[in-house]
Q: 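One structure follows; several queries about it will come next.
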Amino acid sequence: QVQLEESGGGLVQAGDNLRLSCLASITAFASFHMGWFRQAPGKEREFVAALNWGGGSIYYAYYTDSVKGRFTASRDNAKNMVYLQMNNLKTDDTAVYYCAARRESGTKYYRREDYNYWGQGTQVTVSS
C-alpha cells in the first residue's frame, strides 16, 4: 500500500525559511515522478513544484512562477524522501502543502488529476 506522509509545516514569519519533508512508502520510488501542491483557504489545489524522473539518475525540476528562485525541490531515493526547501516565505505562501506521486511518464507534472497518490498535507502559515 502506497503512503505519503508530509512533515515540517508550521507558523513562521514573512522572510523566514522552512523545509517540508515527505516520506514515501513506495516500491521503486526512484522511478516515480514526485510533486508538491498547495491549497489555500477558499482556493483550488495548485501546483508548486515537481521532480520528474528522466531515466536512470536524471530528474528534472519544475516550479510554478510564484516560487521560482525561492523554493527548491529535492529527493533522496535512498531514504524514499522528497523535500521542499522554502526560502523567503511570503504571506501568500500560506496553505496546506501536499506531497504527491505520479507513476506514468507522459502525464502532466502540473495537473493534480495525473497524480496517483497523495499525502494528508501539512499546514504552512506565514505571518506578516
Q: Only one of Tyr98, Tyr109, Tyr115 forms a ring pair (Phe, Tyr, Trp, His ring centres under 6.0 Å) with Phe37, so which one is it?
A: Tyr115

Q: Could you tell me whether the side chain of Gln85 and the main chain of Thr72 form a donor-acceptor pair under 3.5 Å?
A: no

Q: Residues in salt bridge (Lys or Arg N to Asp or Glu O under 4.0 Å) with Lys108, at least two apart?
A: none

Q: Enumerate the residue pairs fulfilling disulfide (SG to SG under 2.5 Å) with a member in residues 32-105, sequence neighbours excluded, ordered by first and then second residue.
A: Cys22-Cys99

Q: Which residue pairs pass the side chain to side chain donor-acceptor pair (under 3.5 Å) test when at least one of the two sits in residues 47-61, sequence neighbours left out?
A: Asn52-Arg102, Tyr59-Asn77

Q: With sequence neighbours left out, which residue pairs that include part of residues 38-77 fulfil the disulfide (SG to SG under 2.5 Å) condition?
A: none

Q: How would you list, by chain and number, every residue that makes a salt bridge (Lys or Arg N to Asp or Glu O under 4.0 Å) with Glu104, sequence neighbours excluded?
A: none

Q: How are the rings of Phe71 and Tyr97 set to each other: parallel, tilted or perpendicular (split at 30° and 60°)?
A: tilted

Q: Would you indicate whether Glu113, at its atom CD, is surrounded by more than 12 heavy atoms from other residues, nucleotides or ligands within a distance under 6.0 Å?
A: yes

Q: Would Leu4 end up clustered with Phe29 when hydrophobic side chains under 4.5 Å apart are linked, directly or stepwise?
A: yes

Q: Per the side chain to side chain donor-acceptor pair (under 3.5 Å) rule, what does the pair list look like for residues 13-36, sequence neighbours excluded?
A: His33-Ser105

Q: Scan for salt bridge (charged side-chain N to carboxylate O under 4.0 Å, His left out) pairs involving residues 57-69, sequence neighbours excluded, and state none if there are none.
A: Asp65-Lys68

Q: Under the rule for salt bridge (Lys or Arg N to Asp or Glu O under 4.0 Å), what residues qualify as partners of Arg70, not counting sequence neighbours?
A: Asp93

Q: Suppose the criterion is side chain to side chain donor-acceptor pair (under 3.5 Å): which pairs have a residue in residues 119-128, not counting sequence neighbours?
A: Gln123-Thr125

Q: Using salt bridge (Lys or Arg N to Asp or Glu O under 4.0 Å) as the criterion, list what pairs up with Glu5, not counting sequence neighbours.
A: none

Q: Hey, does Phe47 have a side-chain heavy atom less than 4.5 Å from the side chain of Tyr63?
A: no

Q: For residues Ala40 and Ala95, report the shortest heavy-atom separation together with the two atoms involved.
A: N-CB, 3.8 Å

Q: If you link ILVMFWY side chains whenever their heavy atoms are less than 4.5 Å apart, which other residues fall into the same cluster as Leu11? By chain and number, please.
A: none

Q: So, do Met86 and Val48 sit near enough that their side-chain heavy atoms are less than 4.5 Å apart?
A: no

Q: Measure across Ala101 and Ile26 and return the closest heavy-atom pair with its distance rounded to 0.1 Å.
A: CB-CD1, 3.8 Å

Q: So which heavy atom on Gly121 is nearest to which on Glu6, and how close?
A: N-OE1, 2.8 Å

Q: So, taking the atom named CG in Asp114 and the one named OG1 in Thr107, what distance separates them when rounded to the nearest 0.5 Å?
A: 5.0 Å

Q: Please check if Tyr62 and Leu20 belong to a single hydrophobic cluster, counting links between Ile, Leu, Val, Met, Phe, Trp and Tyr side chain heavy atoms closer than 4.5 Å.
A: no

Q: Apart from Tyr83 itself, what residues make up its hydrophobic cluster, given side-chain heavy atom links below 4.5 Å?
A: Leu23, Met81

Q: Taking the inter-plane angle between the rings of Phe32 and Tyr117 on a 0 to 90° scale, is it parallel (under 30°), tilted (30 to 60°) or perpendicular (over 60°)?
A: tilted

Q: I want to check something: taking the side chain as every heavy atom from C-beta on, are Thr94 and Val124 in contact at a cut-off of under 4.5 Å?
A: no

Q: Would you check if Glu46 and Tyr110 make a side-chain contact, meaning some heavy-atom pair closer than 4.5 Å?
A: no

Q: Supply the atom-to-atom distance Asn80 CG to Gln3 CD, rounded to the nearest 0.5 angstrom.
A: 12.5 Å

